[in-house]
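Take a look at the structure below.
In this text, all values refer to a predicted model and were calculated from it rather than measured experimentally.
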Amino acid sequence: MIQGMSAALSGLRSYINQTRVTSNNLANLNTPGFKGSGAVQSSLPGGAGSAMIGVQSNQAQGAVVYSGQPFDMAIGGQGFFKVTTPGGATAYTRAGGFRPDKNGRLADANGNTLRPPIQIPANATSVSIGRDGSVTAQVNGQSQNIGQVKLYKFNNPGGLQSGGSNIYNETSSSGQAVQGAPGDGGFGEIYPSSLEQSNVDVGRQMVSLIQSQYGFSAQIKTIQTADEMLGAVLDIKT
């Protein structure tokens, strides 16, 4: 009975963690570039229940939607944008909502600057980004090439570790980042003035919540039954 209660408690923890992951997916349903995650469960030795051993991201392509903003970029296919966080760390993202920061460098809303850096001239009248990642600006009536967007891919993108705010960190599981040009060597293309939408499937997430609810209820009933049986045994002995 004690073992059964212990197994049920571990099951409760697993369903709670699964609900947290699912809730986070649903909360980011409308976050551009967001990749949904799934809880990875494992059975404990000796039939002692189950436990969540990790969270794995789903790096499937999200829908690409035209935004009309000249600095927005979506990746169609494999690859990530490389950014430097305000703290100086290197990270990767699929969220391409970039804007010039106070220094004229392309950065996202969280202050993560694009790498290699793209510097927008202060006197540029227009800027265009090509499917190949080339960035050109009109300056004093002349077209100037001001940079090249690079993409980075991994042997196992599902092994990337979420850093929050739509960025990912390289891990031993993901492998090292490989740099390439958009459209070359299996890298995706750049869709200018567009954003990749979240890849969260609402239907699947709702099913996951329902499964967690029923699973949670079943574990509670198991604990209640074991508690009643244990109480009956103790009454008999006394």
Side-chain angles (χ1 to χ4, degrees), residues 28-35 57 59-154 157 160 163-170 176-200:
N28 287 280
L29 182 63
N30 296 314
T31 302
F34 179 80
K35 300 299 180 184
S57 62
Q59 294 295 332
Q61 175 82 49
V64 174
V65 176
Y66 179 74
S67 69
Q69 298 295 327
F71 301 109
D72 283 348
M73 292 178 279
I75 302 171
Q78 293 190 58
F80 292 80
F81 299 110
K82 184 178 181 179
V83 296
T84 299
T85 68
T90 296
Y92 301 88
T93 183
R94 294 275 297 194
F98 297 105
R99 300 289 185 275
D101 63 11
K102 62 181 181 180
N103 299 313
R105 299 171 302 178
L106 287 187
D108 65 16
N110 296 308
N112 303 309
T113 54
L114 183 65
R115 288 292 183 265
I118 303 293
Q119 186 82 30
I120 307 300
N123 57 343
T125 55
S126 67
V127 176
S128 62
I129 302 173
R131 297 281 290 265
D132 61 354
S134 59
V135 185
T136 57
Q138 290 293 324
V139 180
N140 297 325
Q142 301 292 322
S143 179
Q144 296 182 6
N145 187 306
I146 60 172
Q148 171 71 44
V149 177
K150 297 292 186 179
L151 295 181
Y152 299 80
K153 64 181 181 179
F154 300 86
L160 290 168
S165 300
N166 245 354
I167 62 173
Y168 294 92
N169 301 314
E170 181 182 297
Q176 294 185 336
V178 177
Q179 177 183 289
D184 290 343
F187 286 90
E189 290 184 312
I190 296 294
Y191 288 81
S193 300
S194 301
L195 290 172
E196 180 184 5
Q197 302 301 293
S198 166
N199 71 349
V200 172

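Note on residues 81-102: pairs passing salt bridge (charged side-chain N to carboxylate O under 4.0 Å, His left out), not counting sequence neighbours, are D72-R99, R94-E196, D101-R105.
Atoms CZ and CG, on F71 and L114 in that order, are 12.0 Å from each other to the nearest 0.5 Å. Going from atom CG of N110 over to atom CG of N166 covers 8.5 Å, rounded to the nearest 0.5 Å. Put simply, CZ on R131 and OH on Y191 are 4.5 Å apart, with the number rounded to the nearest 0.5 Å. The structure places CG of L160 at 9.0 Å from OH of Y92, a figure rounded to the nearest 0.5 Å. Atom OG of S193 is separated from atom CE of M73 by 10.0 Å, given to the nearest 0.5 angstrom. The line from OG1 of T125 to CD of Q138 is 5.5 Å long, rounded to the nearest 0.5 Å.
For Q179, the side-chain hydrogen bond (donor to acceptor under 3.5 Å, both in side chains) partners are Y152, not counting sequence neighbours. In this structure, the side-chain hydrogen bond (donor to acceptor under 3.5 Å, both in side chains) partners of D108, at least two apart in sequence or on a different chain, are N112. In terms of the side-chain hydrogen bond (donor to acceptor under 3.5 Å, both in side chains) criterion, S143 has no residue partners (sequence neighbours excluded). Checked against side-chain hydrogen bond (donor to acceptor under 3.5 Å, both in side chains), S128 has the following partners two or more places apart in sequence or in another chain: T136. Shown here are the ring-ring contact (aromatic ring centres under 6.0 Å, His included) partners of F34, two or more places apart in sequence or in another chain: there are none.
Two residues are said to be in side-chain contact when any heavy atoms from C-beta on lie closer than 4.5 Å; V65 and L195 fail this criterion. Annotation: side chain of L151 is in contact with side chain of F81 (closest heavy-atom distance under 4.5 Å). Taking the side chain as every heavy atom from C-beta outward, N140 and N123 approach each other to under 4.5 Å. Annotation: side chain of P100 is in contact with side chain of L106 (closest heavy-atom distance under 4.5 Å). For the pair F80/K153, no side-chain contact is recorded, criterion being any heavy-atom separation below 4.5 Å from C-beta on.
Nearest heavy atoms, V200 versus L29: O-CD1, 3.8 Å. Across F187 and P182, no two heavy atoms sit closer than the pair CB-CA, 4.5 Å. Pairing each heavy atom of A95 with each of P32, the nearest pair is CB-O, 3.6 Å. Pairing each heavy atom of Q59 with each of N199, the nearest pair is C-ND2, 4.2 Å. The shortest heavy-atom contact between A91 and T85 is CB-CG2, 4.2 Å. Minimum heavy-atom separation, V149 to I118: N-CD1, 4.5 Å.
Q61 places a side-chain N or O within donor-acceptor distance of the main-chain N or O of G77, the cut-off being under 3.5 Å. Side-chain N or O atoms of Q176 include none that pairs as donor or acceptor with a backbone N or O of E170 at under 3.5 Å. Proximity of a side-chain donor or acceptor of Q69 to a complementary backbone N or O of G97 within less than 3.5 Å is not detected.
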